[in-house]
Number of protein chains: 4
Amino acid sequence: MSDARKPDPARRSERSRHAILEAARALIGEVGYGKVSIEAIAARAGVGKQTIYRWWPSKGAVVFESILALSQDAEGGEVALPDTGDLEADLKLVMRATAAEFADPAFDAPIRALTMEIVNDPGLAAQYHERLAGPLDEAKKARLRAAQEAGQLAADADLDLVLDVLYSPLHRRWLHRSGPLTPEYADALVDVTLRAFRP
Amino acid sequence: MSDARKPDPARRSERSRHAILEAARALIGEVGYGKVSIEAIAARAGVGKQTIYRWWPSKGAVVFESILALSQDAEGGEVALPDTGDLEADLKLVMRATAAEFADPAFDAPIRALTMEIVNDPGLAAQYHERLAGPLDEAKKARLRAAQEAGQLAADADLDLVLDVLYSPLHRRWLHRSGPLTPEYADALVDVTLRAFRP
Amino acid sequence: MSDARKPDPARRSERSRHAILEAARALIGEVGYGKVSIEAIAARAGVGKQTIYRWWPSKGAVVFESILALSQDAEGGEVALPDTGDLEADLKLVMRATAAEFADPAFDAPIRALTMEIVNDPGLAAQYHERLAGPLDEAKKARLRAAQEAGQLAADADLDLVLDVLYSPLHRRWLHRSGPLTPEYADALVDVTLRAFRP
Amino acid sequence: MSDARKPDPARRSERSRHAILEAARALIGEVGYGKVSIEAIAARAGVGKQTIYRWWPSKGAVVFESILALSQDAEGGEVALPDTGDLEADLKLVMRATAAEFADPAFDAPIRALTMEIVNDPGLAAQYHERLAGPLDEAKKARLRAAQEAGQLAADADLDLVLDVLYSPLHRRWLHRSGPLTPEYADALVDVTLRAFRP
DNA sequence: TAATAAGCGAGACGGTACGTCGGGTCTTCAC
DNA sequence: GTGAAGACCCGACGTACCGTCTCGCTTATTA
């Protein structure tokens, strides 16, 4: 018999929820992820601490959701990669854009914060894959499948592996700051990947 | 003219230094990186807190050095990859070993802790590359160079890129827990890499 | 316009307040004023340090209030000196009692602690005079006024000065440990005082 | 069998001793007795902490000696009260001077510090009486004895008690800040005392 | 005249307490 | 009857000093 009084989602204040996520997002940008505190979020959002604890299990969860919301806003809803018929050109376009995004300081802080959460909390990692990475990967794989049908990619290529080879080096270079995120590097990754998986 | 009174390294107690690093290492394994506190390290090491603050700028730096010391002890000094003449076999051996290490819970906690530090602190990232990753990468590149001379790898291949393609996907899968670290996955990465960079 | 967020007295926990004062009082008796620490008081009272810092500005203030509370409890409320009509006898009774109290080790430690606070902090000195010394002095002066009306004391005597002459030597002898606090000394002070202020 | 290696006074550095006492005295005036630390004294005096601990048992002892030295310097050596033949005038002169000294902020801090030490440490209290208060009291009693011989004071008066009555009220008023230290108050105390002890 | 031992400056060390920040829980009051 | 406000207990922070303990380096006898 559980005594845990669960809050009633129907009564939840949308106003508070939004203010909290917005405050979290703003604070990450201002003081850095490590120094964001629940108290500061509550104060900034004009909200009692309890209201945060009622609806989120941890600071990480709030931060995670605030950034997730941001990303989902940006996308709008549907995600699709360009398809001009020229796989190499399309991929280079996307990879260069990805590299530029990672290099943009305005994106760096929140994405880094999000990554920290994922790394430390398997539960959040699962949510991340389900809600953010999954759909994006599906979009990418759709483009790759079209390429396979067009004979530009080995028909038996494991598309997850293709994505791994394509994105992981860029991601790691960003995360570890082990080198510059140049358009040339983006291009090189596309070249390598296409060479490895050509029909 | 700096007023900062810097401690005199000549007077530093080797006994304390060692006890602190050892305590840090032990605590990471026991309670997880996030819950390690300077107080706990000091208490465990039988040391005053000031002795930690005197020699390290942050908890991260202590943790970083404790794990670095651990890794360097393990290596002994010289690092060299096996060279049987069969590049594919040699790489698969190494990659399978790497995958197994990442999968080992005893290694997971400290390496994850180390990674968090690197991600958050560019200064530590630089130290990491210089003192740990650099030498290892050099050893790997030495093996790859031998393969180039033997005509098993494209002579003009950028060896840093080869390493990126080889290791990054494994590293990312481990960090994000986005899939199992199986020997098969290790093998697949070797296959992909060799295909991409064959002569 | 002050930004200092002042705590709300209405929400104050009477339970904590009482536990803190009691713990302070006990510790003074056990380890001596100088060695009492806020940490020890908090631990003994089962209270967070912040709860002490929220309501008192300094260790001195806590100690002061704890002893003040003790004294006020002891008094009950109304204070009155004996009045048998024989001024000399009445004063000797009171002075001997005072001397005995100062000589009692159980009273010595806290009163000495209180005195230290008063000496060092003019603010506390003012509080002391208002809340403790003032009422007592009034009671004493009431007895002296009765004596004046009975013609046992000069009608124009400055009663504050009378009290000074009567009590100060005893107080100083106690504080400086410059001599024993005997009944004879108490009597001698009464004799001197009456001689100086006889009609 | 004591292992305690006692320092050899013959080898003591007069230079250090003087610098320490001077630093202590200066710091009391600057930051107040409570905030003076051994570390600060050592730093100010350009002396190692050990040199202080070698020669003094406690902070109190250093402070005590520093002020004692100050007072003894001021006196020069011989102390004697004025003797014009008019006891009342002589005493009023002295008492007014004493009141003025207590009221002078430059004297207040060190004397208050000295008093704190005496109050808290019976050992220092004894030293104080022997080295400072004793000689002064003797000088005062010498003047009073002359007055007795001149028939201006009761021949059987207890001179220690006379001094108590004369000085204690002033001292207490200063210590407790319970009233202003005016010349009028000084005069009143002389009047009262002479009335109480007239022949 | 050397050696030897003490005092000395400096400051690292194991500790205790400081006063502050923030975590997560609980209660009170206004809307 | 939610939610703001914020007091509460608690744990950790980074700092200041405590008193002890080496270090080299003068000095100043003693062999």
Side-chain angles (χ1 to χ4, degrees), chain A residues 7-8 10-13 15-17 19 35-43 45-55 57-59, chain B residues 5-13 15-17 19 35-43 45-55 57-59, chain C residues 5-13 15-17 35-43 45-55 57-59, chain D residues 5-13 15-17 19 35-43 45-55 57-59:
Chain A
D8 176 356
R11 289 183 175 277
R12 183 168 188 179
S13 157
R15 207 182 151 286
S16 295
R17 186 186 150 278
K35 286 175 192 159
V36 173
S37 68
I38 297 261
E39 296 229 337
I41 296 174
V47 141
K49 281 201 287 178
Q50 200 56 257
T51 303
I52 297 181
Y53 285 112
R54 186 152 29 229
W55 301 108
S58 68
K59 181 181 86 168
Chain B
R5 315 291 293 106
K6 279 178 195 156
D8 177 356
R11 289 182 178 277
R12 182 165 189 180
S13 160
R15 208 182 152 285
S16 295
R17 189 188 145 274
K35 286 174 193 160
V36 173
S37 67
I38 298 259
E39 296 229 336
I41 295 174
V47 141
K49 280 197 287 177
Q50 202 59 40
T51 301
I52 298 182
Y53 286 112
R54 186 152 32 230
W55 302 109
S58 66
K59 182 180 84 168
Chain C
R5 316 290 292 108
K6 280 178 195 155
D8 177 357
R11 289 181 178 275
R12 182 166 189 178
S13 159
R15 209 182 150 285
S16 296
R17 188 186 146 276
K35 286 175 192 157
V36 173
S37 68
I38 297 261
E39 297 228 337
I41 295 174
V47 140
K49 279 198 287 179
Q50 202 62 268
T51 301
I52 297 182
Y53 286 111
R54 188 157 24 236
W55 302 108
S58 67
K59 182 180 85 168
Chain D
R5 317 284 290 106
K6 281 184 194 151
D8 175 357
R11 286 180 177 278
R12 182 168 188 179
S13 159
R15 207 182 151 284
S16 294
R17 186 185 149 277
K35 286 174 193 158
V36 173
S37 68
I38 297 260
E39 296 230 338
I41 295 173
V47 140
K49 281 199 287 176
Q50 199 59 257
T51 303
I52 297 181
Y53 286 110
R54 183 149 35 227
W55 302 107
S58 67
K59 181 182 87 169

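Order of the sequence lines fixes the chain letters, A, B, ..., with proteins taken first and strands second; residue numbering starts at 1 for each chain. It should be emphasised that the depicted structure is a prediction, and the values quoted were computed from it without experimental measurement.
In this structure, the CZ atom of A/R17 is 16 Å from the C1' atom of F/dG3, given to the nearest Å. If you measure from atom CD1 of C/I52 to atom C1' of E/dA17, you get 13 Å, rounded to the nearest angstrom. With rounding to whole Å, B/D8 atom CG is found 17 Å from F/dT22 atom P. Rounded to whole Å, the distance from CZ on A/R54 to P on E/dT25 is 12 Å. As rounded to whole Å, 14 Å separates atom C1' of F/dT22 from atom CZ of B/R15. Look at CD1 on A/I41: it is 11 Å from P on E/dG24, rounded to the nearest Å.
Under the side-chain hydrogen bond (donor to acceptor under 3.5 Å, both in side chains) criterion, A/T51 pairs with no residue at all, not counting sequence neighbours. Applying the side-chain contact (heavy atoms from CB on, under 4.5 Å) test to B/R12 and every residue at least two apart in sequence or in another chain returns B/R17, B/W55, B/W56. For B/K49, the side-chain hydrogen bond (donor to acceptor under 3.5 Å, both in side chains) partners at least two apart in sequence or on another chain are B/E39. By the side-chain hydrogen bond (donor to acceptor under 3.5 Å, both in side chains) test, D/Q50 is found to be paired with no residue, residues two or more places apart in sequence or in another chain being considered. Listed by chain and residue number, nothing satisfies the side-chain contact (heavy atoms from CB on, under 4.5 Å) test with B/A43 (two or more places apart in sequence, or in another chain). Shown here are the side-chain hydrogen bond (donor to acceptor under 3.5 Å, both in side chains) partners of D/S37, two or more places apart in sequence or in another chain: there are none. Scored by the side-chain contact (heavy atoms from CB on, under 4.5 Å) test, D/A45 finds D/A19, D/I20, D/A23, D/V47 as partners (sequence neighbours excluded). With sequence neighbours excluded, the residues satisfying side-chain contact (heavy atoms from CB on, under 4.5 Å) with D/S58 are D/A61.
Note on B/S16: a side-chain N or O is less than 4.0 Å away from OP1 or OP2 of E/dG14. Distances shorter than 4.0 Å separate some side-chain N or O of B/T51 from OP1 or OP2 on E/dG14. Proximity of C/W55 to the phosphate of F/dC8: a side-chain N or O atom is located under 4.0 Å from OP1 or OP2.
Other residues, nucleotides and ligands contribute only 12 or fewer heavy atoms inside 6.0 Å of the CZ atom of D/R15.
Where D/G46 and B/V47 meet DNA chain E, the nucleotide closest to each residue was compared, and D/G46 sits on the side nearer the 5' end.
Nucleic acid contact class of C/R12 (heavy atoms, under 4.0 Å, all strands): sugar-phosphate only.
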All N/O contacts under 3.5 Å from nucleotides 2-4 of chain E to the protein, with atom names and distances to one decimal?
none

What nitrogen or oxygen pairs link the protein and nucleotides 21-23 of chain E at under 3.5 Å?
unit_1 : atom_1 : unit_2 : atom_2 : d
E/dC21 : N4     : C/Q50  : NE2    : 3.2
E/dG23 : OP1    : A/I38  : N      : 2.9
E/dG23 : OP2    : A/I38  : N      : 3.2
E/dG23 : OP2    : A/E39  : N      : 3.0

For nucleotides 24-31 of chain F, just jot down a letter per nucleotide in 5' to 3' order: B, S or -, based on protein non-hydrogen atoms under 4.0 Å. ----S---

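Residues A/K59 and A/I38 approach most closely at CA-CD1, 4.0 Å, considering heavy atoms.
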